[in-house]
Peer 1: 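The following block contains the structure, expressed as structure tokens.
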There are 2 protein chains.
Amino acid sequence: MKLEILTKNDHQQLHNEIIAKIRDLINNKNLEPGDKLPSERMLSERFEVSRGNVRETIQKLEFYGILKSKPQSGTFVADIGLVAMNGMIDDILALEDPDFKSLVETRILLELKTVRLAAKRRTNDDLEKIETALESYKKKVLNNEDAVQEDLLFHLAIAQACRNSTINRMMLIITPEIINNFEKYHVCDKNQGPKRIKEHQDIFNAIKDQNTQKAKEMMKVHFNELYKYCYNI
Amino acid sequence: MKLEILTKNDHQQLHNEIIAKIRDLINNKNLEPGDKLPSERMLSERFEVSRGNVRETIQKLEFYGILKSKPQSGTFVADIGLVAMNGMIDDILALEDPDFKSLVETRILLELKTVRLAAKRRTNDDLEKIETALESYKKKVLNNEDAVQEDLLFHLAIAQACRNSTINRMMLIITPEIINNFEKYHVCDKNQGPKRIKEHQDIFNAIKDQNTQKAKEMMKVHFNELYKYCYNI
DNA sequence: TATGAAAAATTGGTTAACCAGATTGGTTTA
DNA sequence: TAAACCAATCTGGTTAACCAATTTTTCATA
């Protein structure tokens with residue numbers, strides 16, 4: 001068997017092809033939720049791909065809750081029903097790579113929520129961590145140094161204080177993609193140090209006072225330029 | 001070397017230990033962004049784990065944009081800075097498993113946004129897909145059949161119409177977890193068929209009329225009981 | 001000494017072989 | 001007849017061997 005090294009994109013495309021084949025297999029064989037899929041070896045032979053590729057694809061479908069592997073037993077169709085399964089797989093296959101606009105739109109949505117929840121739920125410990133992040137940020141900016149990282153950590157500290165593990169996870173997922181795009185498009189203008197410091201300080205104060213409405217408003221102000229940038233581009 | 005089969009939890013814990021060790025390594029050796037990590041073989045030997053475990057962990061950190069593997073070359077520290085890297089890794093290590101409340105809270109947040117965006121941006125094609133999903137849902141409910149899947153697909157069709165790939169991806173991530181928890185806690189009460197149909201119909205009409213405000217309101221009404229259930233529990 | 005080509009070592013990616021637990025079918029026994 | 005047991009087989013998980021691209025080293029030559 002020939003050996004090929006695939007790029008990330010090739011990989012994704014191959015996974016999608018295998019996903020479609022698994023879906024067709026389930027539909028053609030009239031497999032019900034809870035039924036066992038053919039073994040990884042059988043699938044790799046039938047689809048004419050390596051067993052590793054089959055395993056990776058199954059893991060992806062497990063991530064989305066569509067399949068369920070049991071060690072030394074087999075891979076099973078999850079209990080979400082065939083209609084839902086078909087719909088979700090179609091959605092997964094149609095997923096596009098995230099564009100900058102959708103990333104920013106999502107970040108704003110998430111952060112307007114995290115800041116409100118943080119204002120409501122923050123413990124004193126949370127508050128201390130946010131303040132520490134704020135101070136590091138201020139220090140860098142006042143020294144005229146690049147403070148992108150400290151900026152980011154301030155926002156992540158707020159996310160942690162919101163006490164919602166799902167939102168927190170999503171913030172972590174989009175953060176690196178945001179950073180990369182920021183660098184690519186040079187979004188951050190450096191000459192607004194004092195203004196940015198005040199915005200961060202206002203957000204912090206609102207969280208400290210547990211003023212949820214104010215916290216949201218201040219975050220909105222903070223995102224104002226990013227918002228405009230994103231929708232004018 | 002002894003062979004062990006690990007549960008999902010053991011795996012996550014092992015990954016977290018390796019992540020912490022990689023972080024310490026980067027800090028102790030003063031590796032800068034762009035620098036090369038020791039090879040996978042070296043790491044597996046030093047950490048006394050299998051190379052497979054090292055590879056899985058590196059892939060996880062790649063997913064969060066912290067490392068970057070180059071084939072036949074090495075694994076590199078990404079260009080996000082040491083401070084940000086340490087902060088993000090700490091966040092990743094502190095991530096808890098999603099609880100039901102955080103899932104519902106996030107779902108409501110996302111869907112109040114998707115419905116507004118869908119009302120604004122939906123194409124005629126999107127509208128047709130949503131209507132198809134609605135009709136399947138109605139049919140099932142009127143026949144007194146279980147319609148959880150069709151309910152779900154209606155909401156996913158709206159998510160697709162919102163034209164934001166990032167939000168769409170997040171909806172797909174939380175959907176199976178929502179389903180599992182719904183089943184576990186028996187959230188869905190079956191005796192509200194006509195009421196639920198009307199709520200879905202109202203949402204659809206608002207999207208059709210491109211009335212963003214109304215769409216949001218109707219979705220809020222639709223989530224009202226779930227909201228109460230979630231915050232009273 | 002500088003340079004360039006070739007070979008040796010190193011790398012992440014890939015495949016194949018192996019492992020132990022789970023399943024299954026047939027046989028035996030109460 | 002049915003229940004219990006055992007061995008052969010099948011399963012996903014794991015490890016080790018292998019591959020080809022890359023990087024580093026070496027050494028002959030200008």
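Letters A, B, ... are given to chains in the order of the sequence lines, protein chains preceding strands, and every chain is numbered from 1.
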Peer 1: If only side-chain N and O atoms of A:Thr75 are considered, is one of them under 4.0 Å from the OP1 or OP2 phosphate oxygen of D:dG12?
Peer 2: yes

Peer 1: Do B:Glu225 and B:Arg196 meet the salt-bridge criterion of a basic N to acidic O distance under 4.0 Å?
Peer 2: yes

Peer 1: In terms of side-chain heavy atoms of A:Gln72, which of C:dG13, D:dT14, C:dG21 is nearest?
Peer 2: C:dG21

Peer 1: Using a cut-off of less than 4.0 Å, is there contact between a side-chain N or O of B:Arg55 and OP1 or OP2 of C:dG12?
Peer 2: no

Peer 1: Looking at B:Thr123, is its backbone amide N or carbonyl O close enough to the side chain of B:Asp126 to form a donor-acceptor pair, meaning the two atoms are under 3.5 Å apart?
Peer 2: yes

Peer 1: When you check the phosphate oxygens OP1 and OP2 of D:dG12, does a side-chain N or O of A:Ser73 lie under 4.0 Å from one of them?
Peer 2: no

Peer 1: Taking for each residue the nucleotide of DNA chain D bearing the nearest heavy atom, is the 5' side occupied by B:Lys36 or by B:Gly52?
Peer 2: B:Gly52

Peer 1: Of all the heavy-atom pairs spanning A:Asn53 and A:Thr57, show the shortest one and how long it is.
Peer 2: O-OG1, 2.8 Å

Peer 1: Check every atom of C:dG12, D:dG12, C:dA22 against the side chain of A:Ser39 and return the nucleotide holding the closest atom.
Peer 2: D:dG12

Peer 1: Would you say B:Ser50 reaches D:dT14's phosphate, i.e. side-chain N/O to OP1/OP2 under 4.0 Å?
Peer 2: no

Peer 1: Nearest whole Å is fine: how far is C:dT15 P from A:Glu56 CD?
Peer 2: 10 Å

Peer 1: When you measure only distances, ignoring hydrogens and angles, does the side chain of B:Arg41 come within 3.5 Å of the base of C:dG12 through a donor and an acceptor?
Peer 2: yes

Peer 1: Between A:Arg51 and A:Lys70, which is nearer to the 5' end of DNA chain C once each is assigned its nearest nucleotide?
Peer 2: A:Arg51

Peer 1: Between A:Asn168 (side chain) and A:Asn164 (backbone), is there a donor-acceptor pair under 3.5 Å?
Peer 2: no

